[in-house]
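Quick note on labels: first sequence line is chain A, next is B, and so on, each numbered from 1. Since this is a predicted model, take the numbers as computed values, not measurements.
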Number of protein chains: 2
Amino acid sequence: MSAAPKHDIFQAIADPTRRKILRLLADKKLPVTAISKHFPMSRTAVSKHLRILLESKLVSVEKSGREKLYKLQPEALLELKHWLSFFEQFWDNKISMLKHFVENEEAGNLNLIIPKSNEESKDS
Amino acid sequence: MSAAPKHDIFQAIADPTRRKILRLLADKKLPVTAISKHFPMSRTAVSKHLRILLESKLVSVEKSGREKLYKLQPEALLELKHWLSFFEQFWDNKISMLKHFVENEEAGNLNLIIPKSNEESKDS
DNA sequence: TTGACACGAAACCAAAAGGTTTCATATACT
DNA sequence: AGTATATGAAACCTTTTGGTTTCGTGTCAA
(Lines give C-alpha, C1' and ligand atoms only; values in the text may rest on other atoms or scores of the structure.)
Protein backbone atom coordinates (compact mmCIF):
# COMPACT_ATOMS: atom_id res chain seq x y z
CA MET A 1 0.00 0.00 0.00
CA SER A 2 1.14 3.55 -0.20
CA ALA A 3 0.78 6.46 -2.50
CA ALA A 4 -1.42 4.84 -5.12
CA PRO A 5 -3.74 7.81 -5.21
CA LYS A 6 -6.97 6.14 -6.35
CA HIS A 7 -8.56 9.52 -6.81
CA ASP A 8 -6.75 11.88 -9.09
CA ILE A 9 -7.21 15.57 -8.89
CA PHE A 10 -9.40 15.71 -11.97
CA GLN A 11 -11.89 13.37 -10.40
CA ALA A 12 -11.65 15.20 -7.12
CA ILE A 13 -12.68 18.54 -8.55
CA ALA A 14 -15.32 17.08 -10.81
CA ASP A 15 -17.94 17.26 -8.09
CA PRO A 16 -19.52 20.67 -7.39
CA THR A 17 -19.82 19.97 -3.69
CA ARG A 18 -16.12 19.29 -3.45
CA ARG A 19 -15.29 22.44 -5.37
CA LYS A 20 -17.40 24.42 -2.97
CA ILE A 21 -15.66 22.81 -0.02
CA LEU A 22 -12.33 23.92 -1.43
CA ARG A 23 -13.61 27.47 -1.63
CA LEU A 24 -14.76 27.34 1.95
CA LEU A 25 -11.41 26.08 3.11
CA ALA A 26 -9.64 28.86 1.26
CA ASP A 27 -10.78 31.21 4.00
CA LYS A 28 -9.81 29.11 6.98
CA LYS A 29 -9.41 25.66 8.45
CA LEU A 30 -12.73 24.10 9.34
CA PRO A 31 -14.05 20.96 11.04
CA VAL A 32 -16.48 18.67 9.24
CA THR A 33 -19.53 19.80 11.13
CA ALA A 34 -18.95 23.43 10.28
CA ILE A 35 -18.43 22.58 6.63
CA SER A 36 -21.55 20.50 6.42
CA LYS A 37 -23.63 23.44 7.58
CA HIS A 38 -23.20 24.85 4.09
CA PHE A 39 -24.70 21.86 2.33
CA PRO A 40 -28.10 20.25 2.10
CA MET A 41 -26.71 16.84 2.93
CA SER A 42 -25.61 14.87 5.94
CA ARG A 43 -22.36 15.40 7.78
CA THR A 44 -21.39 11.88 6.82
CA ALA A 45 -21.78 12.68 3.15
CA VAL A 46 -19.53 15.70 3.49
CA SER A 47 -17.08 13.55 5.38
CA LYS A 48 -16.86 11.25 2.41
CA HIS A 49 -16.17 14.14 0.10
CA LEU A 50 -13.41 15.22 2.43
CA ARG A 51 -11.88 11.79 2.30
CA ILE A 52 -11.66 12.07 -1.47
CA LEU A 53 -10.12 15.52 -1.23
CA LEU A 54 -7.63 14.11 1.24
CA GLU A 55 -6.72 11.25 -1.05
CA SER A 56 -5.98 13.66 -3.84
CA LYS A 57 -3.96 15.83 -1.45
CA LEU A 58 -6.15 18.86 -1.98
CA VAL A 59 -6.74 19.16 1.73
CA SER A 60 -4.92 18.05 4.83
CA VAL A 61 -6.28 17.34 8.26
CA GLU A 62 -5.07 18.27 11.69
CA LYS A 63 -6.50 17.02 14.94
CA SER A 64 -7.37 19.59 17.54
CA GLY A 65 -9.08 18.25 20.61
CA ARG A 66 -12.11 16.35 19.54
CA GLU A 67 -12.28 18.19 16.27
CA LYS A 68 -10.43 17.56 13.04
CA LEU A 69 -9.56 20.66 11.16
CA TYR A 70 -9.45 20.42 7.41
CA LYS A 71 -7.13 22.72 5.58
CA LEU A 72 -6.76 23.66 1.94
CA GLN A 73 -3.62 22.42 0.24
CA PRO A 74 -3.57 24.57 -2.87
CA GLU A 75 -0.24 23.30 -4.15
CA ALA A 76 -2.01 20.14 -5.20
CA LEU A 77 -3.62 22.23 -7.90
CA LEU A 78 -0.26 22.56 -9.61
CA GLU A 79 -0.91 19.38 -11.49
CA LEU A 80 -4.06 20.88 -12.90
CA LYS A 81 -2.26 24.07 -13.75
CA HIS A 82 0.39 22.17 -15.55
CA TRP A 83 -2.14 20.22 -17.53
CA LEU A 84 -3.86 23.43 -18.52
CA SER A 85 -0.64 25.07 -19.59
CA PHE A 86 -0.24 22.54 -22.34
CA PHE A 87 -3.44 23.76 -23.96
CA GLU A 88 -2.82 27.44 -23.43
CA GLN A 89 -0.29 27.06 -26.14
CA PHE A 90 -3.17 26.56 -28.52
CA TRP A 91 -5.36 29.40 -27.62
CA ASP A 92 -4.05 32.29 -29.50
CA ASN A 93 -3.77 35.20 -27.23
CA LYS A 94 -0.62 37.00 -26.31
CA ILE A 95 -1.27 37.04 -22.62
CA SER A 96 -1.60 33.30 -22.55
CA MET A 97 1.68 32.97 -24.37
CA LEU A 98 3.30 35.16 -21.79
CA LYS A 99 1.95 33.04 -19.06
CA HIS A 100 3.11 29.92 -20.78
CA PHE A 101 6.59 31.36 -20.86
CA VAL A 102 6.50 32.25 -17.19
CA GLU A 103 5.29 28.77 -16.42
CA ASN A 104 8.13 27.05 -18.14
CA GLU A 105 10.88 29.37 -17.02
CA GLU A 106 9.73 28.87 -13.44
CA ALA A 107 11.00 32.06 -11.85
CA GLY A 108 14.08 32.13 -13.96
CA ASN A 109 15.59 35.13 -15.64
CA LEU A 110 12.62 37.38 -15.95
CA ASN A 111 12.25 41.02 -15.10
CA LEU A 112 8.87 42.34 -14.29
CA ILE A 113 7.87 45.92 -13.98
CA ILE A 114 4.47 46.76 -12.70
CA PRO A 115 3.86 50.46 -13.04
CA LYS A 116 2.07 52.15 -10.18
CA SER A 117 -1.22 52.57 -11.91
CA ASN A 118 -2.17 56.18 -11.34
CA GLU A 119 -4.59 55.76 -14.17
CA GLU A 120 -7.83 53.93 -13.76
CA SER A 121 -7.70 50.74 -15.80
CA LYS A 122 -10.53 50.82 -18.26
CA ASP A 123 -11.55 47.31 -18.99
CA SER A 124 -11.34 46.19 -22.60
CA MET B 1 -33.59 23.08 -25.56
CA SER B 2 -30.60 25.33 -25.67
CA ALA B 3 -27.52 25.81 -23.65
CA ALA B 4 -28.36 23.82 -20.52
CA PRO B 5 -24.97 22.14 -20.54
CA LYS B 6 -25.67 18.94 -18.56
CA HIS B 7 -21.97 18.20 -18.58
CA ASP B 8 -19.77 20.88 -17.17
CA ILE B 9 -16.15 21.15 -18.05
CA PHE B 10 -15.00 19.71 -14.73
CA GLN B 11 -16.91 16.53 -15.36
CA ALA B 12 -15.75 16.45 -18.93
CA ILE B 13 -12.08 16.42 -18.09
CA ALA B 14 -12.49 14.06 -15.16
CA ASP B 15 -12.15 11.05 -17.39
CA PRO B 16 -8.62 10.06 -18.51
CA THR B 17 -9.83 8.88 -21.88
CA ARG B 18 -11.39 12.23 -22.58
CA ARG B 19 -8.25 14.05 -21.51
CA LYS B 20 -6.23 11.92 -23.88
CA ILE B 21 -8.67 12.67 -26.68
CA LEU B 22 -8.15 16.36 -26.10
CA ARG B 23 -4.41 15.87 -26.41
CA LEU B 24 -4.85 14.03 -29.66
CA LEU B 25 -7.04 16.74 -31.07
CA ALA B 26 -4.49 19.36 -30.15
CA ASP B 27 -2.42 18.18 -33.06
CA LYS B 28 -5.13 18.08 -35.67
CA LYS B 29 -8.78 17.48 -36.45
CA LEU B 30 -9.64 13.81 -36.45
CA PRO B 31 -12.60 11.57 -37.24
CA VAL B 32 -13.94 9.16 -34.63
CA THR B 33 -12.45 6.08 -36.19
CA ALA B 34 -8.96 7.53 -36.19
CA ILE B 35 -9.31 8.61 -32.59
CA SER B 36 -10.55 5.25 -31.43
CA LYS B 37 -7.42 3.60 -32.82
CA HIS B 38 -5.61 5.00 -29.80
CA PHE B 39 -7.85 3.32 -27.25
CA PRO B 40 -8.57 -0.20 -26.12
CA MET B 41 -12.30 0.28 -26.47
CA SER B 42 -14.92 0.31 -29.16
CA ARG B 43 -15.45 3.16 -31.56
CA THR B 44 -18.91 3.59 -30.10
CA ALA B 45 -17.47 4.14 -26.65
CA VAL B 46 -15.15 6.81 -27.98
CA SER B 47 -18.08 8.35 -29.79
CA LYS B 48 -19.88 8.72 -26.47
CA HIS B 49 -16.89 10.44 -24.94
CA LEU B 50 -16.87 12.82 -27.86
CA ARG B 51 -20.50 13.64 -27.30
CA ILE B 52 -19.67 14.66 -23.75
CA LEU B 53 -16.76 16.78 -24.94
CA LEU B 54 -19.10 18.38 -27.44
CA GLU B 55 -21.68 19.15 -24.80
CA SER B 56 -19.08 20.91 -22.71
CA LYS B 57 -17.87 22.78 -25.80
CA LEU B 58 -14.36 21.40 -25.54
CA VAL B 59 -14.53 20.13 -29.09
CA SER B 60 -16.53 21.02 -32.15
CA VAL B 61 -17.44 18.87 -35.09
CA GLU B 62 -17.40 19.51 -38.79
CA LYS B 63 -18.79 17.22 -41.42
CA SER B 64 -16.54 16.33 -44.29
CA GLY B 65 -17.94 13.82 -46.70
CA ARG B 66 -18.89 10.75 -44.78
CA GLU B 67 -16.55 11.63 -41.98
CA LYS B 68 -17.05 13.94 -39.05
CA LEU B 69 -13.97 15.78 -38.03
CA TYR B 70 -13.62 16.62 -34.37
CA LYS B 71 -11.64 19.67 -33.47
CA LEU B 72 -10.25 20.96 -30.20
CA GLN B 73 -11.89 24.08 -28.82
CA PRO B 74 -9.33 25.19 -26.27
CA GLU B 75 -11.11 28.40 -25.33
CA ALA B 76 -13.56 26.28 -23.38
CA LEU B 77 -10.75 25.72 -20.93
CA LEU B 78 -10.93 29.35 -19.92
CA GLU B 79 -13.52 28.49 -17.33
CA LEU B 80 -11.13 26.05 -15.77
CA LYS B 81 -8.35 28.58 -15.89
CA HIS B 82 -10.50 31.12 -14.19
CA TRP B 83 -11.46 28.71 -11.47
CA LEU B 84 -7.82 27.89 -10.90
CA SER B 85 -6.81 31.50 -10.72
CA PHE B 86 -8.87 31.95 -7.60
CA PHE B 87 -6.71 29.48 -5.77
CA GLU B 88 -3.40 30.69 -7.12
CA GLN B 89 -3.92 33.58 -4.83
CA PHE B 90 -3.34 31.20 -1.96
CA TRP B 91 -0.28 29.46 -3.07
CA ASP B 92 2.57 31.56 -1.96
CA ASN B 93 4.89 31.97 -4.83
CA LYS B 94 5.72 35.17 -6.56
CA ILE B 95 5.25 33.83 -10.03
CA SER B 96 1.74 32.78 -9.28
CA MET B 97 0.98 36.22 -7.96
CA LEU B 98 2.31 37.68 -11.15
CA LYS B 99 0.08 35.48 -13.16
CA HIS B 100 -2.87 36.34 -11.02
CA PHE B 101 -2.17 39.97 -11.70
CA VAL B 102 -1.90 39.43 -15.41
CA GLU B 103 -5.11 37.47 -15.36
CA ASN B 104 -7.09 40.19 -13.69
CA GLU B 105 -5.57 43.14 -15.43
CA GLU B 106 -6.24 41.46 -18.76
CA ALA B 107 -3.46 43.02 -20.76
CA GLY B 108 -3.75 46.30 -18.98
CA ASN B 109 -0.94 48.52 -17.86
CA LEU B 110 1.88 46.06 -17.57
CA ASN B 111 5.41 46.22 -18.86
CA LEU B 112 7.22 43.01 -19.43
CA ILE B 113 10.86 42.66 -20.19
CA ILE B 114 12.20 39.31 -21.15
CA PRO B 115 15.99 39.40 -21.24
CA LYS B 116 17.72 37.38 -23.90
CA SER B 117 18.88 34.59 -21.67
CA ASN B 118 22.57 34.17 -22.39
CA GLU B 119 22.85 32.26 -19.16
CA GLU B 120 21.59 28.73 -18.71
CA SER B 121 18.77 28.68 -16.20
CA LYS B 122 19.76 26.34 -13.44
CA ASP B 123 16.70 24.82 -11.91
CA SER B 124 17.06 25.27 -8.21
C1' DT C 1 -18.79 8.84 35.72
C1' DT C 2 -22.16 10.45 33.04
C1' DG C 3 -23.74 12.85 29.34
C1' DA C 4 -23.13 15.63 25.17
C1' DC C 5 -20.50 16.44 21.10
C1' DA C 6 -17.40 15.33 16.93
C1' DC C 7 -16.30 12.12 14.02
C1' DG C 8 -15.70 8.00 10.68
C1' DA C 9 -16.85 3.12 9.46
C1' DA C 10 -20.39 0.04 7.74
C1' DA C 11 -24.17 -1.50 5.31
C1' DC C 12 -27.28 -0.20 2.21
C1' DC C 13 -29.53 2.05 -2.03
C1' DA C 14 -30.62 4.63 -6.42
C1' DA C 15 -28.77 6.85 -10.17
C1' DA C 16 -25.02 7.91 -13.22
C1' DA C 17 -20.95 6.50 -15.78
C1' DG C 18 -18.55 3.76 -18.85
C1' DG C 19 -18.52 0.08 -21.40
C1' DT C 20 -20.67 -3.60 -24.88
C1' DT C 21 -23.28 -5.35 -29.14
C1' DT C 22 -26.60 -4.64 -32.59
C1' DC C 23 -28.87 -1.91 -35.97
C1' DA C 24 -30.07 2.04 -39.26
C1' DT C 25 -28.49 5.70 -42.11
C1' DA C 26 -25.53 8.46 -44.99
C1' DT C 27 -21.77 8.75 -48.07
C1' DA C 28 -18.26 6.95 -51.26
C1' DC C 29 -16.36 3.70 -54.66
C1' DT C 30 -16.71 0.80 -58.93
C1' DA D 1 -26.98 -0.72 -58.73
C1' DG D 2 -24.46 -2.80 -55.22
C1' DT D 3 -20.87 -3.08 -51.79
C1' DA D 4 -17.93 -1.11 -48.35
C1' DT D 5 -16.99 2.59 -45.06
C1' DA D 6 -18.12 6.07 -41.29
C1' DT D 7 -21.03 7.12 -37.95
C1' DG D 8 -24.54 7.56 -34.05
C1' DA D 9 -28.71 5.71 -31.69
C1' DA D 10 -30.62 2.07 -28.81
C1' DA D 11 -30.87 -1.35 -25.59
C1' DC D 12 -28.45 -3.49 -22.33
C1' DC D 13 -25.09 -4.60 -18.41
C1' DT D 14 -21.71 -3.75 -14.53
C1' DT D 15 -19.24 -0.74 -11.64
C1' DT D 16 -18.76 3.63 -9.49
C1' DT D 17 -20.64 7.55 -7.28
C1' DG D 18 -23.13 10.16 -4.10
C1' DG D 19 -26.21 9.89 -0.88
C1' DT D 20 -28.72 7.73 3.43
C1' DT D 21 -29.13 5.72 8.32
C1' DT D 22 -27.15 3.38 12.08
C1' DC D 23 -23.54 2.42 15.22
C1' DG D 24 -18.97 2.68 17.92
C1' DT D 25 -15.23 5.37 19.58
C1' DG D 26 -12.77 9.33 21.37
C1' DT D 27 -12.88 13.76 23.78
C1' DC D 28 -14.65 17.46 26.54
C1' DA D 29 -17.49 19.39 30.40
C1' DA D 30 -19.99 18.76 34.83
Side-chain angles (χ1 to χ4, degrees), chain A residues 1 4-25 28-73, chain B residues 1 4-25 27-73 80:
Chain A
M1 318 20 202
K6 186 189 177 185
H7 283 103
D8 63 27
I9 202 183
F10 295 94
Q11 263 182 276
I13 65 168
D15 185 274
T17 300
R18 288 195 289 269
R19 291 199 299 277
K20 200 174 161 194
I21 291 177
L22 293 178
R23 287 246 175 200
L24 287 173
L25 294 180
K28 54 184 172 309
K29 303 179 199 174
L30 290 175
V32 190
T33 307
I35 297 173
S36 66
K37 293 279 191 291
H38 295 82
F39 298 94
M41 68 185 69
S42 70
R43 174 186 48 81
T44 310
V46 171
S47 187
K48 291 215 266 177
H49 283 302
L50 283 166
R51 191 172 49 70
I52 290 170
L53 292 173
L54 271 173
E55 282 169 2
S56 64
K57 307 276 209 288
L58 279 163
V59 306
S60 61
V61 70
E62 168 197 336
K63 200 172 175 186
S64 165
R66 61 181 154 181
E67 293 186 331
K68 285 186 175 176
L69 296 176
Y70 286 86
K71 184 182 165 199
L72 179 66
Q73 224 60 76
Chain B
M1 330 26 197
K6 186 190 177 184
H7 283 102
D8 63 27
I9 202 182
F10 294 95
Q11 263 182 275
I13 64 169
D15 185 274
T17 300
R18 288 194 290 268
R19 290 199 298 278
K20 200 173 162 195
I21 291 176
L22 293 179
R23 287 247 175 200
L24 287 173
L25 295 181
D27 283 335
K28 54 184 170 311
K29 301 180 199 174
L30 290 174
V32 190
T33 306
I35 297 174
S36 66
K37 293 279 192 291
H38 296 81
F39 298 95
M41 68 185 71
S42 70
R43 174 186 49 79
T44 311
V46 171
S47 187
K48 291 215 264 176
H49 283 301
L50 283 166
R51 191 174 47 72
I52 290 170
L53 291 173
L54 271 174
E55 282 169 1
S56 63
K57 308 275 211 287
L58 279 163
V59 306
S60 61
V61 69
E62 169 196 338
K63 200 172 174 185
S64 164
R66 62 180 154 183
E67 292 186 332
K68 285 186 175 177
L69 296 176
Y70 287 86
K71 184 182 164 199
L72 180 65
Q73 225 59 78
L80 183 60

Between A:I13 and A:L58 the two heavy atoms that sit nearest each other are CG2-CD1, 4.0 Å

Which residues pass the salt bridge (Lys or Arg N to Asp or Glu O under 4.0 Å) test with B:R19, sequence neighbours left out?
-> A:D8

List the steps, then state whether side chain to side chain contact (heavy atoms under 4.5 Å, CB included) holds for B:L50 with B:L54.
-> CA-CA 6 Å; B:L50 283 166; B:L54 271 174; 5.6 Å; no

To the nearest 0.5 Å, how far apart are CZ in A:R43 and NZ in A:K37?
-> 10.0 Å

Spacing between B:K29 atom NZ and D:dA6 atom C1', to the nearest angstrom | 18 Å

Length of the CZ-P vector between A:R51 and C:dA10, whole Å = 10 Å

Rounding to the nearest 10°, end axes of the helix from C:dT1-D:dA30 to C:dT30-D:dA1 built from five pairs each make an angle of 30°

Numerically ordered, the residues 39-47 of chain B set in heavy-atom contact under 4.0 Å with DNA chain C is B:M41, B:S42, B:T44, B:A45

Grab the two heavy atoms, one from B:H38 and one from B:K20, that are nearest each other, plus how far apart they are.
-> O-NZ, 3.4 Å

B:R23: what forms a salt bridge (Lys or Arg N to Asp or Glu O under 4.0 Å) with it, not counting sequence neighbours?
-> none

Rounded to whole angstroms, how far apart are CG on B:D8 and P on C:dA16?
-> 15 Å

Tell me: CG of A:L53 to P of D:dG18, nearest whole Å?
-> 11 Å

In terms of heavy-atom contacts, B:L25 and B:L72 come closest through O-CB, 3.7 Å

Residues in residues 16-25 of chain A with a heavy atom under 4.0 Å of DNA chain D, by number, are A:R18

Indicate yes or no for a side-chain donor-acceptor contact from B:R18 to the backbone of B:A12 under 3.5 Å, with no hydrogens or angles considered.
-> yes

Which atom pair, heavy atoms only, marks the closest approach of A:G65 to A:K63?
-> O-CE, 3.6 Å

Check every atom of C:dA17, C:dA11, C:dG18 against the side chain of B:Q11 and return the nucleotide holding the closest atom.
-> C:dA17

In terms of the nearest nucleotide of DNA chain D, which residue is placed more toward the 5' end: A:K63 or A:I52?
-> A:I52

In residues 65-72 of chain B, which ones come under 4.0 Å of DNA chain C, going by heavy atoms?
-> B:G65, B:R66

Check the pair B:Y70 / B:V46 against side chain to side chain contact (heavy atoms under 4.5 Å, CB included), numbers first and verdict last.
-> CA-CA 12 Å; B:Y70 287 86; B:V46 171; over 6 Å; no

Hey, is the side chain of B:K48 poking within less than 4.0 Å of OP1 or OP2 on D:dA9, counting only N and O atoms?
-> no

C:dG19 phosphate, OP1 or OP2, under 4.0 Å from B:H49 side-chain N/O | yes

Any donor-acceptor pair under 3.5 Å from B:S64 side chain to B:E67 backbone = no

To the nearest angstrom, how far is B:L50 atom CG from C:dA17 atom P?
-> 17 Å

Less than 4.0 Å between a side-chain N and a carboxylate O, is that true for B:K29 and B:E62?
-> yes

